[in-house]
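Worksheet: one structure, shown below.
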Amino acid sequence: MLVAGNWKSNKSFNEAREFAHAFSQLPGAPEGVEVMVAPPAPYLAAMGADSLPFRLGSQNVSATGPGAQTGEFTAEMLAGCGVQDVIVGHSERRDGHGDDDARVADKVNRVLDAGLRVVFCCGESLLDRQGDVHFDKVLRQLESGILHLPAEAMVNVVVAYEPIWAIGTGLTATAEQAQEMHAAIRGWLTEAYDAEVARAIPLLYGGSCKPANADELFACPDVDGGLIGGASLEPSTFHALVEAAGRAVGNREEANV
Ligand code: 13P
């Protein structure tokens, strides 16, 4: 299970450091649960990746290499700052910042070439869902974003399904809606690669995931954690999600005995 926080453009630098300190005072992640936090980019180097109680993530990366690209930061620069995971293809970047499918695929390649793990986001709009094209939409995003990757590269790929209509709206996909899309993604990965590769890729759900609904979502067999926005901003709330993931791991182990 992976519980990943995406702070988006929130928190001052001091608040970010205070969060890391407060989170480190809480019990460590349960066995089988990884935790990642993606603070705003200007804070990454100064977060001190080595002493953080979570993996350090970036919310973005350049689609190009080094050179005359004012304002851009490359995957290698992120790696040098201790970043381990990079979120690519978030709907807020696809819709508001020009990250089209081709650029998203370039970013995926840059992240993997730098030896980092990519958290590849996909998800449909409300209109897509109402028009019953949500499966097509998500599977097309996977096709253009990751199908070109060789099977060996897939160990550094996480997929996050984030229905746009559930992001920051308080509306959450039901466990049933999340599970059926995650099963479709797992099925697509099985066809594109094989069952072993598909099983090993963590599939995160994102969109108003919070302590009140996390147990139900994480209990879905194809939901392997969450990409958390609003509920990742406060240490004890985020920690409650980490504990929910721990319970899900425990339940899965019991079911497999
Ligand atoms: P919320 O949890 O605030 O809905 O945001 C989800 C998200 O976009 C995480 O990347």
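In each ligand, atom 1 is the first atom listed, and ligand 1 is the first ligand listed. This one's a predicted model, so the numbers in the text were calculated from it and none came from an experiment. The first residue in the sequence is number 1, and the count goes up from there.
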Under 3.5 Å, side chain of [X] to main-chain N/O of [Y], donor-acceptor pair present?
{"X": "E15", "Y": "S12", "answer": "yes"}
{"X": "K210", "Y": "A231", "answer": "no"}
{"X": "Y43", "Y": "K11", "answer": "yes"}
{"X": "N10", "Y": "W7", "answer": "yes"}
{"X": "Q25", "Y": "A22", "answer": "no"}

Q: Run through L116, V111, L56 and flag the one making a side chain to side chain contact (heavy atoms under 4.5 Å, CB included) with L78.
A: L116
Q) Considering only heavy atoms, does A166 approach ligand 1 within less than 4.0 Å through its side chain, its backbone, both, or neither? A) backbone
Q) How does K210 reach ligand 1, if at all, at less than 4.0 Å between non-hydrogen atoms: by side chain, backbone, both, or neither? A) neither
What atoms in ligand 1 come closer than 4.0 Å to a heavy atom of [X]?
{"X": "N6", "answer": "9 (C), 10 (O)"}
{"X": "G207", "answer": "4 (O), 6 (C)"}
{"X": "S208", "answer": "1 (P), 2 (O), 4 (O)"}

Going by distance only, is there an N or O of [X] that falls short of 3.5 Å from an N or O of ligand 1?
{"X": "K8", "result": "yes"}
{"X": "G168", "result": "yes"}
{"X": "G229", "result": "yes"}
{"X": "T169", "result": "no"}

Q: Answer yes when R94 and D101 have at least one side-chain N-carboxylate O distance shorter than 4.0 Å, and no when they do not.
A: yes
**Q.** Carboxylate-amine/guanidinium proximity below 4.0 Å for R252 and D224
**A.** yes
Q. Among protein heavy atoms, which sits nearest to atom 7 (C) of ligand 1, and what does the distance come to when rounded to 0.1 Å?
A. E162 OE2, 3.0 Å
Q: Compare A231, G230, G123 and give the one whose heavy atom is closest to atom 3 (O) of ligand 1.
A: G230
